[in-house]
Amino acid sequence: MESGMIISNVGLVGDYFKVTFYAPEICATARPGHFVHMKIARADDLILRRPFSICNISPSSGELEVIYKVVGAGTRVLSTLREGEVCDLLGPLGKPFGRPAPDEFPVAIAGGYGSAALYMLTREAKCGGAALLGARTREDILLADAYRTAGFEVAVATDDGSEGHMGLVTDLVDDVLLRHHDKKLRFYACGPTPMLMAVCRLMLDRGYPDAEVSLDHLMCCGVGACFACVVKIKADNPDGYYYARTCSEGPVFKVKDVYLEK
Amino acid sequence: MESGMIISNVGLVGDYFKVTFYAPEICATARPGHFVHMKIARADDLILRRPFSICNISPSSGELEVIYKVVGAGTRVLSTLREGEVCDLLGPLGKPFGRPAPDEFPVAIAGGYGSAALYMLTREAKCGGAALLGARTREDILLADAYRTAGFEVAVATDDGSEGHMGLVTDLVDDVLLRHHDKKLRFYACGPTPMLMAVCRLMLDRGYPDAEVSLDHLMCCGVGACFACVVKIKADNPDGYYYARTCSEGPVFKVKDVYLEK
Amino acid sequence: MADLATDLGRIKLKNPVMTASGTFGYGAEYHKFYDIAELGAVVVKGIAPFPSHGNPTPRVAETACGMLNAIGLQGPGIDRFLHDEHYLPFLRTTGATVIVNIWGRTIGDYAEVARRLEADKEGIAALEINISCPNVKAGGIAFGTDKNLAAEVVSAVREATTLPLITKLSPNVSRIGEFAAAVEAAGSDMISLINTLTGMAIDIEKMRFKLANRTGGLSGPAVKPVAVRMVYEAAQAVKVPVIGMGGIATGADAVEFLLAGARAVAVGTATFGDPYAPLKVIRGINDYLDRHGIGAVSEIIGKVK
Amino acid sequence: MADLATDLGRIKLKNPVMTASGTFGYGAEYHKFYDIAELGAVVVKGIAPFPSHGNPTPRVAETACGMLNAIGLQGPGIDRFLHDEHYLPFLRTTGATVIVNIWGRTIGDYAEVARRLEADKEGIAALEINISCPNVKAGGIAFGTDKNLAAEVVSAVREATTLPLITKLSPNVSRIGEFAAAVEAAGSDMISLINTLTGMAIDIEKMRFKLANRTGGLSGPAVKPVAVRMVYEAAQAVKVPVIGMGGIATGADAVEFLLAGARAVAVGTATFGDPYAPLKVIRGINDYLDRHGIGAVSEIIGKVK
Ligand SMILES: Cc1cc2nc3c(=O)[nH]c(=O)nc-3n(C[C@H](O)[C@H](O)[C@H](O)COP(=O)(O)OP(=O)(O)OC[C@H]3O[C@@H](n4cnc5c(N)ncnc54)[C@H](O)[C@@H]3O)c2cc1C
Ligand SMILES: Cc1cc2nc3c(=O)[nH]c(=O)nc-3n(C[C@H](O)[C@H](O)[C@H](O)COP(=O)(O)OP(=O)(O)OC[C@H]3O[C@@H](n4cnc5c(N)ncnc54)[C@H](O)[C@@H]3O)c2cc1C
Ligand SMILES: Cc1cc2nc3c(=O)[nH]c(=O)nc-3n(C[C@H](O)[C@H](O)[C@H](O)COP(=O)(O)O)c2cc1C
Ligand SMILES: Cc1cc2nc3c(=O)[nH]c(=O)nc-3n(C[C@H](O)[C@H](O)[C@H](O)COP(=O)(O)O)c2cc1C
Ligand code: FES
Ligand code: FES
C-alpha cells in the first residue's frame, strides 16, 4: 500500500484523463497487465477502491501513469483532484501478461482504455510489435503516437469509420497474420468484455490458444478475499467451469482457459 | 439559495478559520444574528447543511465572512476547501437581533464563536458599545481588535486567566452596568448553551428581560420544516413551555421568553 | 417534455413526485422558495387528535450518508391544523394537492383524526396512515410490525372516512409483502414505504446516546437499497398503487423506484440538504424519459422485474 | 497501552477485533499484508458440506456509504477446507485464533459441517453459525427470520460439536432481542450481529437489476446505526457475549459498539477499502482508552445504557 501523491492530472481526449502519481514502490515491480487499486481522495461516500491498469512507469523517477475514462462517480471525483492530493494505491496487483520472448512479436489488441492497459508491453518488446486500436470514434483513440514512438506499428478501427478501418478491432487481426506470417506472433488483448469474448473465439480459431486477455470485471477487495470479481474459467468438474477471481488469479487469462458461454 | 464562491479560506487562531464567500444576494439583506446554512462542498457523505452565523458582510463587494471552528467532519472538510470552490448557501436565515436605537448602548456578551456572531452589531451601533469576550484561553479570543477598531470597548475573560479576568464572561457584566449606568444599555449574547442560560438568569436578575440571546442548536432543514432544532420557550399551557424552532422562530430570543429548567 | 401524470387509482397527480411526511413541514416553509402546487402532492407532517410536544432534544444525528431522527411527532393537533391559518387554511390557498399524514396512540385516535378530516375535507386529496413511526412509544412502531394491528388501524380509519387511504409501512419487518397484502385487504387504497429503519448512535466522547430518545429513524441515501427492495416486493404483493420513498435525492433515484414498481415517489431527507430537491427530481425524471425517448412516465413503472 | 483482552466465555481473545466472515477470505489473502495472528480472531468465509459456485455475476454494487453483495457463498466445501493447503492447514501455521463460519441448505447440512470440523478441530477456536445469509435461496435467510427454525439449527449444531458456538443473526427482523434469546436458549455460547440488510439496486440506463441475484446484502457505514441499535437490544436480551459488526471502519466505530454492549467487534466491508482496517481499529480502541485514562477495554463494555 502506497500513498500516491498526484504529480499531474490532465484531460487527454474526450472523457479520458491521465493522472501521474509519485509511487516509487509500485513502480519498482510493476509489469504490463498489473493494476493498481485506488482509493480516490475526497470521495468519502464511495467506500470501495477502483481498479486501473498501470499505463506507464518511470522506475527512476518513481512516476506511475494511469489513463482513465470518466464514467461514474469515482472517476468524476478523480478528475477534479489536483497536484499534491494523495490517493492511496494498492499494487501492483494481479497476474501480469507473460513477457514476450526475444524472438516473439507482440500484438496488442485494444478496445477503449485497453490501449493504456497494454501500453507497458512496448517496454518489454525487444524488436517492435503491433498495436491494433479500436474505438468508437477518432477522438477516442488513445496513445497511437506513443505506440509508434515506442516502435510499434499501429492500425486503427473505429465504429464510425472516422479513422482507419470502419468496424471491429478484431477485423484487423487477419491482416497482421498475413503481413507478419514470418514472425512468431504473441497476442495480448484488453478491452470491453464482448470484444474480449470475440478475441477469445478468434484466437482459438486462428490457432493461438495461449493468447492472453485481461478481463475487466467489477472489483471489490482486489486481493482475492471477497469473490466479487469472478469469471468462468474452464475446470475439470461436471459444470465445466469454476468462478476464478480476476483480481488475484487474473486479470490476465489465456484464451484457452476462458469458459465461453454457448 | 446562492452559490457561494470561496474568495479566501484562512486559519486564524487555534482551530478557528475565516472563510470569505462571494455571495452578493445574501449580503444585500443580512443583519446581525442572521445565519447561513451551508452545504459544504466535496463532503459528499455528509447529507446535512451546517449553520454558521454571518460574521461580516460587504454589500458593495458582495463579500460575506464566516468564522468557524473545526470541531467535526464538516468543518474539517470546509477547512480544506480552496479559493474558487463553491458552497451552496441558504440565507440569510433566522430572526436577527433587534436593531439598537440611536440612544442605546449595545453590549455584546460572547463565548467562543459568539464573538463572530455578534460582530455585525458594530455596524448598527451609532455611538460605540461594549464587547465582553469569553474564551478558554488567550489564543481563543476572537476579533478583540476588530471590535476596538469598530469603536467598541473590549473586556476579556479567560478560563485560565491568560488574559483579562480569570473566570466567566458573565462576571464582566456588573462592571459594565456600573461604568455605563448613565447609558441606555441593550444586551446581546451568543455562545455555548450553559453560558447563555447563565446570561438569561443574570439579565432577568439585573432587570434586562428584553436582552437577546442567540441559541445554538443542532439544525437540520434550517427553515422551520423538521422540528429538529427546538428549544423550550415559555407558553401559556399546562406545561409552561412549547418547543420553538431556533432556525425560524429564533435563533434570537428574548431572555424573558426562554424557559429555564429548574 | 414527457407526460408525467400519474394515476393512483382514486387520485391523479400531475407528476409522480410528492414530499415525505415530516420533511416538508406544513408546506408554508417551502412555499417561500417555490410554488408548492408544482409538486405531485404535498404530504404534511403527522397530525394527531391532540397537540403534542414531541421528544426531548437532541432529536437528530447525522450518520454516514444518512441521518437519525427522533422528532417524536411534534405537532399542533387536529384543531389547530384545521383552523390555524398556518396549516390547512394556508394549504387550501396554494392549490397544492394535499395529503394529510395521520397518527395516534390508540386505534381510536386514528379513527378520530380521520373523522375530523372527513368532516372538513375540502382541499384534502387523501390521508396517509402512519403506522410506522419508530419514535413514539405508545402505538407507532407496534402497529407497524404487527400485521393484525396494522390491519385493524386501517379498518378503523376506513370506516371513519371516504377519503382515499394510503397506508405507510414500516421497513422494520422480515416480510414486507405480507404487510402490504394485509393493509390492502383491510381497505387501503394505496401503500407507501419505507418509513425509517430503527437505529441508534452513541457519542463516544460524552458516553451517551446521541438522541435523547436513544433510538431514532434512519433515512437518507444510506437506506435507499433497502427501500428499493421493499418497494419491489410490495409491488409484487399487491394490486393497489405503491408509493416509494427512502433516500431519493435525484431524478435517477426516483427512476429506480419507478422501475421497481412504484407509481409515485416521495422526497424526504434530501429536501434538508436542498430545498429544491423535489423540483429537481421532477425535472430529472423528465430528462430521463426524454433521453430514452419514452413519452410517459407510466411506461416505465414496474418495468424491471 | 490499555489491556485489550476480551473474555467471550469459553474463549478469550487478545483483543476484541475480529474479521467479518466473507470479507477476509481464508486469511491468506491478508497475511501478505500483515501477521493475521495480531487480530483478536480471524473468521473465515462460510463453509458448507459441499463446494459451491456461488451466484452468477455481477455480485456486488456500490451504494451510498455502503455496498450490496450477492456472492452467494462461493466456497471450497468442507473437504478442501480441511485438507487443501490454502485453507485450514495454512491457518494453523499462522497461530491466528480461527473461527469457522458455517452454513448449509438444510439443518442436516449445518450439523454435518459441524461434525466434520469437530473431528478435525485442532486450531479452531469456535464455530459461527450463519443463519442469516440473504443470498442463498434454500436456507439462509429463512432460518434467520424464523425464531423456531433458528433455534432448531442451533440445537442441531450444538449436538454435533463441543466447540464454542456463535450464532450470527439476521437484521431483517422486527424484534432482534427475541431472536437473540431464542438462540441463547438453544445453546449458543455467543451471538454475533448484524449480517447484511436485504437490499436492491437497479441500473436505470440498462433497465435491469445491478446484481444478477436481484437482491443482495447491504453492508458498510450506511448500516452502522441499525447495527448499533440491534447490538444494544441483543445485549439487553441475553446473558451470553455479543459480538457486534456492521459498518465498523475506525476505532471510534468499534467503541460505539463496545459501549452499546458488544464484547467484541468485527470489521467487514471496511477491509475492502483498506486492508489494514482491522489493525487500525485495534489501535484506535487502544488510543481511545488511553486518552480517557481507562485501563482495560472490559471497563467500557455496555457502559451506555
Ligand atoms: C483490472 C482492471 C483494470 C482497469 N483499468 C482501467 C484503466 O486503465 N482505465 C480506465 O479508464 N478504466 C479501467 N478499468 C475500469 C475502471 O475500474 C472503472 O471505469 C472504474 O472503476 C469506474 O469507477 P466510477 O466510480 O467512475 O464508476 P461507477 O459506475 O460509479 O462505479 C461504481 C462501482 O462499479 C465499479 N466499476 C464500474 N465500472 C467498472 C468497470 N468497467 N470495471 C471494473 N469496475 C467497475 C467501480 O469500481 C465501483 O465499485 C479497469 C478495470 C479493471 C477491473
Ligand atoms: C445559528 C447557529 C450559528 C452558528 N454559528 C457558528 C459560527 O459562526 N461559527 C462556528 O464555528 N460555529 C457556529 N455554529 C456551530 C456550527 O454549526 C457547528 O460547529 C457545525 O455545524 C459543526 O459541524 P461539523 O460537521 O464540523 O461537526 P459534526 O459534529 O461532525 O456535525 C455533525 C452534525 O451536528 C451538527 N452540529 C455539531 N455541532 C453543532 C453546533 N454546535 N451547533 C449546531 N449544530 C451542530 C452539524 O451541523 C451536523 O449536522 C452555529 C450554530 C448555529 C445553530
Ligand atoms: C425529520 C424527519 C421527520 C419525519 N416525520 C415523519 C412523520 O411525521 N410521519 C411519517 O409518516 N414519516 C415521517 N418521516 C419519515 C419520512 O416521511 C420518510 O418515510 C423517510 O424519511 C424515508 O425517506 P427519505 O430517506 O427520503 O427521508 C420523517 C423523516 C424525517 C427525516
Ligand atoms: C462481500 C461480503 C461477503 C460476505 N460473506 C459472508 C459469509 O460468507 N458469511 C457470513 O456470515 N457473513 C458474510 N458477510 C456479512 C459480513 O460478515 C458482515 O456481517 C456484514 O458485512 C456487516 O459488516 P460490515 O458492514 O463491517 O461489512 C459478507 C459480507 C460481504 C460484504
Ligand atoms: S475483488 Fe475481491 S476477490 Fe477479486
Ligand atoms: S432545523 Fe428544521 S425546523 Fe429548525
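All chains are named by letter (A, B, ...) in the order of the sequence lines, taking the proteins before the strands, and each is independently numbered beginning at 1.
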Point to revise | Neighbours of chain D found in residues 219-227 of chain C - heavy atoms under 4.5 Å | key: C/P221, C/A222, C/P225, C/V226

Review point. If you round to the nearest 0.5 Å, how far is CE of D/M200 from CE of C/M230?
Key: 11.5 Å

Practice item. Among C/V173, C/T63, C/V231, C/L68, single out the residue with the greatest number of heavy-atom pairs under 4.5 Å to chain D. Key: C/V173

**Study point:** Heavy-atom donor-acceptor pair, C/S174 side chain to D/N172 backbone, under 3.5 Å
**Key:** yes

Review point. Checking heavy atoms, do the side chain of D/K210, its backbone, both or neither come under 4.5 Å from chain C?
Key: neither

Practice item. Would you list the pairs meeting salt bridge (Lys or Arg N to Asp or Glu O under 4.0 Å) in which at least one residue belongs to residues 291-304 of chain C, sequence neighbours left out? Key: C/R291-D/E205

Check your understanding: Nearest 0.5 Å, what's the OG1-CZ distance between D/T215 and C/R229?
Key -> 7.5 Å

**Study point:** Among D/E233, D/R208, D/R214, residue most engaged with chain C (heavy-atom pairs, under 4.5 Å)
**Key:** D/R214

**Study point:** Part of C/I204 lying under 4.5 Å from any heavy atom of chain D
**Key:** both

Review point. Among residues 244-270 of chain C, which residues come closer than 4.5 Å to chain D, judged by heavy atom distances?
Key: C/A252, C/V255, C/E256, C/L259, C/A260

Point to revise | Heavy-atom closest contact (D/M207 atom, C/I294 atom, distance) | key: CE-CD1, 3.8 Å

Point to revise | Under 4.5 Å from a heavy atom of chain C, the part of D/F209 involved | key: both

Check your understanding: So which residues of residues 276-286 of chain C are in contact with chain D at a heavy-atom cut-off of under 4.5 Å?
Key -> none

